[in-house]
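Notes follow the structure.
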There are 2 protein chains.
Amino acid sequence: MASSPVAPGGFIQQQNLVEQVADYLTQAIIQQHFLPGERLSEVQLSRDLGVSRAPVREAARLLESRGLLISKPRRGFFVRALNAVELEDVFDLRLCLERHAIQRLSERYSSDAERALKQQVEVLCEATASNDGTRRIEEDLQFHRLMIHYAGNERLLRAFDGLTHELRLCITLITKTHEAPDTIATSHFKLLDALGSGSSEACREAIDYHIGVARDFVVSSVGE
Amino acid sequence: MASSPVAPGGFIQQQNLVEQVADYLTQAIIQQHFLPGERLSEVQLSRDLGVSRAPVREAARLLESRGLLISKPRRGFFVRALNAVELEDVFDLRLCLERHAIQRLSERYSSDAERALKQQVEVLCEATASNDGTRRIEEDLQFHRLMIHYAGNERLLRAFDGLTHELRLCITLITKTHEAPDTIATSHFKLLDALGSGSSEACREAIDYHIGVARDFVVSSVGE
DNA sequence: CGATTGACGACTGTCGACAGTTTTACAAAC
DNA sequence: GTTTGTAAAACTGTCGACAGTCGTCAATCG
């Protein structure tokens with residue numbers, strides 16, 4: 001979407017303001033225009049965006065529920081700063097969710113799901129080749145999101161989405177380092193192979209390795 | 001638990017209108033003063049509670065993030081109605097989280113944790129004997145919350161708390177049916193035994209059985 | 001020179017009001 | 001009796017304003 005902070009003047013007014021502000025804030029946080037720990041002023045934001053404080057507050061509360069902001073009473077909203085421990089917790093929970101998802105999916109693996117996942121791996125490979133780090137990560141997450149989607153538990157998917165919001169907090173840190181493109185592809189193909197084999201042990205092994213690599217990669221990027 | 005340093009006795013008057021409204025709404029929904037699917041009018045609520053619409057809106061958004069309400073644009077907030085499928089999804093996710101938690105806990109089972117859990121089982125037994133259905137369920141959930149707390153992943157605990165909010169949606173349905181008191185006690189003691197044995201297989205087996213029973217119990221209560 | 005205190009400024013929590021939209025009520029036509 | 005069209009009522013989304021509170025910083029005191 002619009003990556004640069006737009007000047008308030010002629011902007012489209014199709015969606016509700018809260019979502020627009022939430023999108024703006026999310027992008028601004030991800031792109032580190034607001035640094036971790038930084039305080040956000042409702043008044044300043046509403047002035048900059050040309051809206052009143054009400055939608056700003058609601059958007060901030062939304063981002064708080066997603067873990068991107070934290071609010072201190074009478075102090076306002078602050079950009080969430082993830083430390084190494086919290087990040088490990090996030091990946092531990094992600095492992096928990098994806099283990100369960102791939103287990104459930106292997107029990108009901110349809111040709112539909114297989115086709116969609118294979119296509120997404122191709123999109124991911126393409127994104128990797130394009131050298132757009134952010135897009136690569138988004139397509140990577142999208143693959144896992146699809147996997148959980150086809151696992152057939154909507155509530156599980158919601159939990160995963162909640163995690164990805166937090167992962168995006170340190171997305172720029174991750175994009176700074178470059179993983180070998182072929183590694184990414186083969187790593188995901190192994191997941192597909194495990195699913196195709198129908199072996200729940202193979203699935204668990206594959207996802208454990210996959211998430212473990214991602215965790216080590218991210219945690220080492222953050223704990224500098 | 002470190003997260004709720006509740007001051008005992010008459011503590012400071014809550015200064016947060018939003019929290020007060022949220023608590024009121026939560027209780028009203030749990031006690032079915034607002035029925036599932038019912039629409040909540042911001043104006044009416046603010047009149048009834050003697051506050052303006054702003055805190056009501058924020059509280060409603062909070063409850064929306066907890067899954068107790070859902071909002072439709074330009075329509076307002078509605079009490080969430082869980083169908084059987086969603087409820088099964090909730091229990092499937094709960095199984096996912098608790099499997100992981102008991103696994104992690106068995107790896108780091110301390111005498112501290114053991115003591116706290118045993119004490120909580122006693123509290124639970126007491127609550128069961130008191131014939132207060134709501135309190136029994138709350139103490140039951142508290143046991144599981146403690147278990148996940150001692151598993152050492154704060155993020156995992158948050159995910160569990162998000163689930164319990166949804167479970168409370170049908171708490172009255174559950175309390176209407178009565179489980180055998182001794183069954184509840186022994187079921188939790190088995191979890192403690194599994195943890196004490198240090199066997200991850202035993203832990204998994206115990207939690208699978210435990211959550212499975214709870215799921216069947218609740219789903220059969222709802223799917224009238 | 002360091003600690004304390006008091007005023008100033010900025011900000012959040014809360015409020016009432018207005019505009020546009022959705023729902024409802026009602027009447028007319030078939 | 002049913003359907004359709006219209007108008008009123010109610011509601012949400014958004015706005016600007018006010019009051020209480022918190023942090024800052026300079027002036028004062030030890």
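Throughout, a chain's letter reflects where its sequence line sits, starting with A, and its residues are numbered from 1.
Checked by atom type, the side-chain pair A/E107/A/Q103 shows a donor-acceptor distance below 3.5 Å.
Side-chain proximity of B/L17 to the nucleotides C/dT12, D/dG13, C/dT14 is greatest for C/dT14. Among C/dC11, C/dC15, D/dG23, the nucleotide with an atom closest to any side-chain atom of A/R75 is D/dG23. The nucleotide whose nearest atom lies closest to any side-chain atom of B/S41 is, among D/dT12, C/dC11, C/dG13, D/dT12.
The nearest whole Å value for the distance from the CZ atom in A/F78 to the C1' atom in D/dG23 is 11 Å. In this entry the distance linking NZ of A/K72 with P of D/dT21 reads 20 Å, nearest Å. As rounded to whole Å, 11 Å separates atom P of C/dC15 from atom CG of B/L49. In this structure, A/E42 atom CD and C/dC15 atom C1' are separated by 15 Å, rounded to whole Å. Here the P atom of nucleotide D/dC11 and the CD atom of B/Q44 are 7 Å apart, to the nearest Å. Rounded to an integer number of Å, the gap from CZ of B/R74 to C1' of D/dT14 is 9 Å. Protein atom CZ of B/R53 is 8 Å distant from nucleotide atom C1' of D/dC11, rounded to whole Å. If you measure from atom CZ of B/R39 to atom C1' of C/dT22, you get 8 Å, rounded to the nearest angstrom.
At the heavy-atom level, B/L40 lies under 4.0 Å from the strands shown only through sugar-phosphate atoms.
The aromatic ring centres of B/H210 and B/H188 sit less than 6.0 Å apart. Remark: aromatic rings of A/H144 and A/H149 are distant, center separation not under 6.0 Å.
A donor-acceptor contact shorter than 3.5 Å links the side chain of B/D89 to the backbone of A/E154.
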